[in-house]
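Per chain, numbering begins at 1; letters A, B, ... match sequence-line order.
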2 protein chains.
Amino acid sequence: MTASSASPYQRLHVELDARRYPIHVGPGLLDTPDMLVPYLAGRQVMIVTNETVAPLYLERLKRTLSGDDRDVREVILPDGEHTKTLASVERIWDALLAAGFNRRCTLVALGGGVIGDMAGYAAACYQRGVAFVQVPTTLLSQVDSSVGGKTGVNHPRGKNMIGAFWQPRAVLIDTDTLATLPGRELAAGLAEVIKYGLIQDAGFLAWLEARMSSLRGLDVEALTDAILRSCAIKAEIVARDETEQGQRALLNLGHTFGHAIEAHQGYGNWLHGEAVGAGMLMAATLSQRLGWLSSEDMARVETLVASAGLPVTVPAAMSADDFLAAMRLDKKNIDGRLRLVLLSGLGEACVYDDTPPDMLKALLDEFPRA
Amino acid sequence: MTASSASPYQRLHVELDARRYPIHVGPGLLDTPDMLVPYLAGRQVMIVTNETVAPLYLERLKRTLSGDDRDVREVILPDGEHTKTLASVERIWDALLAAGFNRRCTLVALGGGVIGDMAGYAAACYQRGVAFVQVPTTLLSQVDSSVGGKTGVNHPRGKNMIGAFWQPRAVLIDTDTLATLPGRELAAGLAEVIKYGLIQDAGFLAWLEARMSSLRGLDVEALTDAILRSCAIKAEIVARDETEQGQRALLNLGHTFGHAIEAHQGYGNWLHGEAVGAGMLMAATLSQRLGWLSSEDMARVETLVASAGLPVTVPAAMSADDFLAAMRLDKKNIDGRLRLVLLSGLGEACVYDDTPPDMLKALLDEFPRA
C-alpha cells in the first residue's frame with residue numbers, strides 16, 4: 001500500500017503485481033472524467049447499478065463517461081442482498097451480449113457491495129474476463145467489498161458460494177455519495193471499519209472510540225480518514241494473500257457467525273454489516289472464554305459495537321444447532337474441521353481450529369437473544 | 001514444454017509458472033491410482049461425467065480414486081453440446097453444496113470437451129476456485145480442450161461466451177478410451193490435430209498426410225504420437241500467451257467460421273470438430289485469395305481435411321449474412337473490427353483484421369454448400 005496526496009483526492013494502491021490498482025477517495029469523483037475514463041478498456045461501457053442508486057447517480061455517471069465515441073449503456077437490477085443470485089448475473093450477461101459487447105468492454109459497478117460483487121463476477125466470466133471498475137456508493141462497499149477482488153453470488157445453501165477472484169482496474173470512492181446513505185447502512189459499514197481495528201490496529205480502534213459520534217454524524221473528514229485507514233489495512237492484507245491461503249482469512253472476523261445469521265434470517269433481512277457486528281461480539285466472547293481477552297477488553301468491544309448502532313444480540317428464533325448447521329458450510333473449514341477467526345488480543349486476530357465443542361455450544365446457547 | 005519417457009507413460013508439461021501441470025498419455029491410466037491420486041487436493045472428490053461415458057468408465061475411475069477415507073461422488077449430466085449451459089453447471093454446484101464439499105475438494109472431469117469445459121468452469125467458480133483434474137476420453141478433448149485452461153459454457157447468443165481461465169492440476173489421457181470412440185467423433189478430433197500442423201508445423205502436416213489411414217484405423221502408436229505432438233504445440237503456445245492476448249488466438253484457425261456454423265445449426269448438430277474442419281477450409285480459401293497459399297497448398301489442405309472424414313462444404317441453409325451476423329460476435333474482434341486467423345503459408349498462421357469486405361462476402365457466397 002502506498003499513499004499519495006499529490007492530487008486533490010486521496011489515493012492508495014492495492015499491490016498485486018500485474019493487477020495492481022488504485023483506490024481514489026474524495027468528493028466529486030463521479031463528475032470527474034479524468035478520474036474515470038483512463039480506466040476504461042475500450043469504447044464499450046456497461047454500467048451495472050440498481051433501482052435505488054440509479055435515480056441518484058446514474059445520469060451523472062453516464063454524462064461523465066460519455067464522449068469520444070464511447071457506447072455507454074446500463075443494466076438496472078433490483079436492490080437488496082436477496083437479488084445477489086446467478087439469475088441477476090445472467091441479466092448482466094444477456095445485456096452485454098444483446099449489445100454485442102466484446103472482450104474489450106468495461107463493466108462499471110455503481111452501487112453497494114451486492115452490485116459490486118455481481119458486476120465483478122459478471123466481468124470475471126464474460127468472454128472469460130473483461131475490465132471492471134468499482135464505484136462503490138455505500139460505506140460498507142467502500143471499505144470492504146471494493147478492495148480485494150472477491151466477486152460472486154449467493155446460493156440457496158450458502159453465501160458467496162459461487163464466484164471468482166477478479167480485480168478491478170480502479171476503485172473510485174466519491175465521498176459525496178455517503179450523504180444519501182440511510183443510517184442503518186452507515187452502521188453496517190461501520191461494522192467492517194471496527195473489524196479492521198479489532199484484527200490489526202489497536203490505535204485505530206482507540207481513534208474509532210473517540211470519533212464514533214462524528215462518524216455517525218456524517219462528518220466527511222472523519223469518514224474519509226476511516227475509509228482510507230480501512231482500505232489501507234485491507235489492501236495490505238490482500239496484497240500479502242490474494243487468494244486467501246492464510247492471513248486474508250483474518251478479514252472474516254465475525255463473518256462465520258454473521259453468515260449463519262444472514263442465511264437463517266433470509267438474505268437481506270439482516271444487513272451483512274449488522275450480522276458481522278453481532279458476529280464479532282460472538283467471536284470476542286469466545287476469545288474471552290479462551291482467556292485471550294480481559295473483561296475490560298470485552299467491555300470496550302461491546303461498547304464500540306453498540307455505539308455504532310449495531311445489534312448486540314442474535315435472533316431469538318436461532319438455536320445453537322441453526323448456527324452449527326450453517327457454520328459447517330463455511331469456506332474456511334478444511335476437510336470438515338471448523339475454523340474460526342478469533343481475537344488473540346485487541347488489534348490482533350488468529351485463525352483457530354481447536355475451539356472445544358462444548359465451549360462453542362455453550363456460547364451459542366447462551367449468547368443474548370432478541 | 002518438456003518431454004520425458006522415464007515412466008511407462010509419455011508425459012509433457014504445460015509451463016505456466018505456479019500453475020505448471022503435467023499431461024500424461026498412455027494405456028491403462030484410468031486404473032492406475034499412482035497416476036491420479038497425487039493430484040487430488042483433499043479427501044473430497046466429485047467426478048463430473050455424462051450418460052454416455054458413465055457406463056463405460058465411471059465405476060473403474062471411482063475404484064481407482066477410492067481408499068484412504070476419500071469421499072468420492074459423481075454428477076452424471078446428459079450428453080451433447082446442447083447441454084453445455086449454465087443450467088448444467090448449476091447442477092454441479094448443487095451437487096457440491098448438497099455434499100457439503102469445501103474448497104479443498106477436487107473436481108475430476110471424465111468425458112469429452114463439453115464435460116471438461118463445464119467441470120472446469122464449475123471448479124473455477126465453486127467457492128471462488130477449487131482443484132480440477134481432466135480425464136479426457138475423446139480425441140478432440142485430448143488434443144484441444146484439456147490443454148490451456150479455457151473453461152465455460154455457451155449462451156443462446158454465442159459459443160463459450162461465459163467462462164473462465166482455470167488450469168487443471170493434471171491431464172490424464174488414457175489412450176484405451178479411444179477404442180470406444182465413434183468414427184464421427186474421431187474425425188472431429190482429427191480436425192484439431194490437422195489444425196496444429198496447419199498453424200505451426202509443416203513437418204507434422206506431412207506426417208499426418210502419410211498416417212491418416214492409420215489414425216482413422218485407430219492405430220494406437222500413431223494416435224499416441226499425434227496426441228503428444230498436438231498437446232506439445234498447444235502447450236507451447238499457451239505457455240507463451242495464457243490469456244489470449246496475442247499468439248494464442250492462432251489456435252482459433254477455422255473457429256470463427258466454425259462457430260458460426262455451430263450456432264446457426266444449433267449446438268451439437270454439427271460436431272465442433274466438423275465445423276472447425278469446414279471452417280479451416282474457408283480460412284485456407286481466403287488465404288489463397290489473398291495470395292498467401294498456392295493452388296498446390298490449397299489442394300493439400302482440401303485433400304487432408306477430406307481424408308480425415310470431415311465435411312468440405314457448409315450448410316445449404318446458411319447465407320453469407322448468417323455467417324457475418326455470427327462472426328461479428330467473435331471474441332477475437334476488437335471494437336467492432338473483424339479479426340480472422342488465416343494461413344500465411346502451410347505451417348504458418350497470422351491474425352488478420354484487414355480482409356477486404358468484398359472478398360469475405362464473395363467467399364461466403366461462393367463456398368460450396370451441401
B:Ile162 and A:Gln127, any side-chain heavy atoms less than 4.5 Å apart: no
Inter-chain contacts: residues 92-100 of chain B against chain A, heavy atoms under 4.5 Å: B:Trp93, B:Asp94, B:Leu97, B:Ala98, B:Gly100
Residue part contacting chain A, namely of B:Phe101, when any heavy atom lies under 4.5 Å: neither
All salt bridge (Lys or Arg N to Asp or Glu O under 4.0 Å) counterparts of B:Asp68, not counting sequence neighbours: B:Arg70
Nearest-0.5 Å distance, CG of residue B:Asn102 to CE of residue A:Met161: 9.5 Å
Atom pair CH2/CZ of B:Trp166 and A:Arg128 - distance to nearest 0.5 Å: 14.5 Å
Heavy atoms from other residues, nucleotides or ligands near NZ of B:Lys361 exceed 12 (cutoff 6.0 Å): no
